[in-house]
Amino acid sequence: MKKCNTYISMNKLILTGLLAAGAMTHIQGAQFAGQENQQQDPKDKSRRPNILFILSDDHTSQAWGIYGGVLADYAYNSNIRRLANEGVVLDNCFCTNSISAPSRASILTGLYSHRNGLYTLADSLDTSIPTLATVLQANGYNTGLVGKWHIKSQPQGFDYYSIFYDQGEYRDPTFIESSDPWPGNRPFGERVPGFSTDLVAEKAINWIKQQDSNQPFLMCCHFKATHEPYDYPTRMEHLYDGVTFPEPENFLDWGPETNGRSFKGQTLEELGHRWRVASKDPDKWWCRYPGLPFNTDGMQRTTARRAIYQKLIRDYLRCGATIDDNIGKLLKTLDEMGIADNTIVVYVSDQGYFLGEHGFFDKRMFYEESARMPFVIRYPNKVPAGKRLDDLILNVDFAPTLAEFAGVKMENVQGDSFVSNLEGNTPTDWRKEIYYRYWTNHAIRPAHFAIRSDRYKLIFYYARNLDMTDTENFDFTPSWDFYDLQNDPHENHNAYNDPKYAPVIKQMKKDLLRLRKETGDTDGKYPEMQALLVTHEHSDHISGLGVVARKYGIPIYATAETIEAVKGISSVGKVDETLFHPIEAGVEFQIGDITVEPVSISHDAANPV
């Protein structure tokens with residue numbers, strides 16, 4: 001075992017020994033790479049920056065090796081570390097909907113899911129919505145896209161694209177070419193022999209080399225890796241042989257009873273089941289897993305989970321190592337072409353991923369491992385080297401940020417440019433909280449929305465299908481989770497019912513309502529959500545109204561939503577129907593000869609009581 005660990009360490013030493021910038025400096029000591037270069041004139045198209053936007057799928061921060069964690073010392077990451085040493089790492093970057101296609105749509109458009117219309121994996125993006133690509137193309141950029149698209153509708157704003165059909169495949173994938181008629185939702189294209197991560201990088205490099213040096217370019221290089229089934233090329237198949245990986249501290253979390261959470265989640269046992277089924281007949285499974293056959297038959301529960309975890313991490317890190325390998329090829333190309341100083345390089349994953357935390361795999365939930373987006377950006381002419389940024393950044397911020405670097409302003413977006421933040425000048429009014437919503441509704445991972453500050457997180461699981469695609473019917477009692485990330489960074493204890501946090505939770509509910517209004521996500525077209533929100537956001541007020549009406553026979557004048565909420569609280573008991581008097585929000589009404597102007601006892605003016 002020691003010999004194997006030494007072997008990995010030596011590999012890292014060889015890979016990282018030639019890097020010019022050692023450990024990352026603190027922000028106070030950050031130096032600008034390429035400081036001698038003059039600032040660019042945005043109107044000078046020949047000097048506007050090129051943009052290489054590298055996007056992976058599910059390559060979570062725990063496996064990058066620059067964010068700490070139990071796997072940090074095992075990540076094959078010399079080129080990710082190079083980017084970190086030469087650029088800025090975002091320490092608090094989050095997606096707004098932790099699932100592939102919706103996150104990608106928000107990255108491109110700068111809009112939340114409820115504004116761009118791509119809520120679940122079954123939706124497509126409206127081709128009339130402006131994107132970073134359409135805006136840059138209209139302003140003189142050559143634009144290219146290679147690899148995983150996954151948005152169903154035809155890519156817009158790209159002079160060239162060569163993309164996978166649907167999810168794509170790791171081995172010998174089918175590419176849809178921009179030179180061919182758009183095939184729609186059909187697997188038409190050219191099947192290319194090779195490993196997908198290598199092929200995507202090769203196509204991106206070939207396109208970059210063909211660009212006119214007098215015109216800036218945007219290349220979106222999108223890897224399928226490290227998405228399930230976590231495959232890897234032959235050259236990586238012995239990496240980590242003999243290694244036993246450490247487990248996260250909450251690895252033996254067996255269900256909601258462990259930490260008091262409101263949902264079951266997708267556990268490693270489901271992944272083990274998939275491997276067992278695929279082992280019996282690989283051709284009938286939806287994907288091809290490496291390293292089969294595999295089964296845990298006859299193993300004790302804990303032993304079986306540990307066996308599943310070890311295989312997952314081994315496959316996953318091999319898959320991730322292939323990404324790092326190809327990032328190196330892309331960086332080498334920029335160096336050899338002499339354009340590295342004037343090229344923005346971003347590497348980011350479309351969301352995070354559970355790697356055994358809480359016994360989970362996959363993403364979707366608003367836990368840290370799932371919602372975090374590891375992100376690094378290098379731009380020697382503008383961005384300081386070796387810096388880490390703590391500001392709360394969202395995926396809707398990416399497009400306006402890159403557009404600003406290119407001297408272009410994206411209109412009607414919900415995200416904010418963080419160019420000033422990257423340069424060390426965070427605006428005084430920068431966001432203090434973020435809003436998240438996962439729309440897909442399944443029993444083990446119900447639909448929810450949430451708010452997160454630098455310390456606290458509040459999640460409401462409403463578990464309603466609404467009119468979303470990719471949903472299922474099940475019974476679920478809407479509920480809340482609350483976590484103190486300072487005292488409980490791994491979210492091991494749902495503290496929603498802890499009295500000491502009551503004032504914090506009360507304020508966060510108000511802030512959550514504010515964020516929902518600011519983003520325009522108020523569920524105004526869903527009456528069932530209005531009643532549900534009134535019940536759960538103001539349950540104390542509403543319960544009190546019902547008790548007073550029932551006990552003392554006092555009539556209730558309130559909106560229809562509030563009345564339905566009172567009726568829906570079982571603890572109130574039966575209230576005489578004649579005591580309910582529905583009114584319209586904000587509209588005066590009469591009680592005998594008295595004219596009454598409604599006022600709100602809550603901070604939700606849409607539902608005055």
Side-chain angles (χ1 to χ4, degrees), residues 92-99 102-103 105-107 109-119 262 351 364-368 370-373 390-400 412-418 421 426-439 446-464 466 478-485 496 501 503-526 529-530 532-539 561 600 602-607:
N92 284 302
C93 181
F94 295 87
C95 58
T96 50
N97 184 356
S98 182
I99 189 69
S103 181
S106 290
I107 289 170
T109 64
L111 301 171
Y112 288 84
S113 296
H114 65 276
R115 283 281 304 276
N116 64 44
L118 208 161
Y119 300 88
S262 300
Q351 65 261 325
R364 303 171 189 255
M365 309 312 292
F366 194 53
Y367 272 21
E368 294 294 283
S370 166
R372 281 185 175 276
M373 300 176 75
D390 288 334
D391 298 340
L392 291 169
I393 307 295
L394 295 171
N395 56 358
V396 293
D397 299 330
F398 299 176
N412 301 316
V413 295
Q414 293 181 290
D416 298 307
S417 169
F418 55 95
N421 309 58
T426 298
T428 56
D429 60 349
W430 191 256
R431 68 173 64 91
K432 299 298 188 293
E433 307 93 8
I434 60 173
Y435 176 65
Y436 175 90
R437 185 163 187 176
Y438 176 69
W439 295 81
H448 55 282
F449 54 74
I451 180 174
R452 184 197 189 279
S453 66
D454 60 343
R455 176 172 177 178
Y456 300 112
K457 179 185 294 184
L458 181 67
I459 310 168
F460 180 56
Y461 302 93
Y462 61 90
R464 296 292 186 271
L466 306 181
S479 53
W480 296 87
D481 282 5
F482 173 82
Y483 297 100
D484 180 343
L485 299 173
Y496 182 73
Y501 290 114
V504 176
I505 292 171
K506 182 178 180 180
Q507 182 60 47
M508 290 196 81
K509 286 185 176 181
K510 296 176 184 177
D511 293 335
L512 178 59
L513 284 173
R514 172 179 53 80
L515 288 180
R516 282 170 56 78
K517 291 174 183 175
E518 288 177 0
T519 60
D521 187 24
T522 58
D523 288 301
K525 66 178 181 177
Y526 302 117
M529 285 295 289
Q530 297 304 310
L532 184 66
L533 293 172
V534 171
T535 302
H536 285 269
E537 290 168 1
H538 314 295
S539 56
E561 290 83 5
S600 174
S602 74
H603 286 257
D604 187 358
N607 291 293

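- Distance check: Y119 OH to Y112 OH gives 14.0 Å after rounding to the nearest 0.5 Å.
- Every side-chain contact (heavy atoms from CB on, under 4.5 Å) that R437 has, sequence neighbours left out, goes to Y435, W439, F449, Y462, L466, R516, D521, D523, M529.
- No donor-acceptor contact under 3.5 angstrom links the side chains of Y436 and N97, judged on distance only.
- Counting only distance, with no hydrogens or angles, the side chain of Q530 and the backbone of T522 share a donor-acceptor pair below 3.5 Å.
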Original post:
What's the verdict on side-chain contact (heavy atoms from CB on, under 4.5 Å) for I451 and L515, showing C-alpha distance, side-chain angles and the deciding distance?
Top reply: CA-CA 8 Å; I451 180 174; L515 288 180; 3.7 Å; yes

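- The two residues L111 and N116 make their nearest non-hydrogen contact at O-ND2, 3.0 Å.
- At distances below 3.5 Å, at least one donor-acceptor pair connects side-chain atoms of S98 with backbone N or O atoms of S370.
- In this structure, E368 pairs ionically with R452, as a charged nitrogen and a carboxylate oxygen lie closer than 4.0 Å.
- Ring pair Y438/H448 is tilted by interplanar angle, where 30° to 60° counts as tilted.
- Taking CD1 of I505 as the start and CG of D511 as the end, the distance is 13.0 Å to the nearest 0.5 Å.
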**OP:** Using the side-chain contact (heavy atoms from CB on, under 4.5 Å) rule, take C93 and F398 through it: C-alpha gap first, then chi angles, then the decisive distance, then the call.
**Re:** CA-CA 10 Å; C93 181; F398 299 176; 3.6 Å; yes

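- Atoms OG and CG, from S453 and L485 in turn, are 7.5 Å apart once rounded to the nearest 0.5 Å.
- Using a distance-only test at 3.5 Å, with no hydrogens or angles considered, a donor-acceptor pair links the side chain of Q414 to the main chain of T519.
- A ring-centre distance under 6.0 Å is found for Y501 and F482.
- Remark: R431 does not engage D391 in a salt bridge, criterion side-chain N to carboxylate O under 4.0 Å.
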**OP:** Please lay out, stage by stage, how Y367 and Y483 fare under the test ring pair (Phe, Tyr, Trp, His ring centres under 6.0 Å).
**Re:** CA-CA 10 Å; Y367 272 21; Y483 297 100; 5.5 Å; yes

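- Looking only at side-chain heavy atoms (C-beta outward), F418 and T426 stay at 4.5 Å or farther from each other.
- Among all heavy-atom pairs drawn from P446 and M365, the shortest one is O-CE, 4.2 Å.
- Annotation: side chain of R464 is in contact with side chain of P478 (closest heavy-atom distance under 4.5 Å).
- The minimum heavy-atom distance between S103 and N395, with the atom names listed, is OG-ND2, 3.2 Å.
- Between W480 and L458 there is a side-chain heavy-atom pair separated by less than 4.5 Å.
- Among K457, R455, K510, R514, the one residue that satisfies the salt bridge (charged side-chain N to carboxylate O under 4.0 Å, His left out) test with E433 is R514.
- Under the rule for a side-chain contact (heavy atoms from CB on, under 4.5 Å), the partners of D390 that lie at least two apart in sequence or sit in another chain are D91, N92.
- Here F94 pairs with nothing under the ring-ring contact (aromatic ring centres under 6.0 Å, His included) rule; sequence neighbours left out.
- Within a 6.0 Å sphere centred on NZ of K525, heavy atoms belonging to other residues, nucleotides or ligands number 12 at most.
- A pairwise comparison of heavy atoms in Y461 and S262 identifies CD1-CB, 3.5 Å as the closest pair.
- The two atoms that bring I434 and F366 nearest to each other are CD1-CZ, 4.2 Å, heavy atoms only.
- In terms of heavy atoms, I107 sits closest to M373 at CD1-CE, 4.0 Å.
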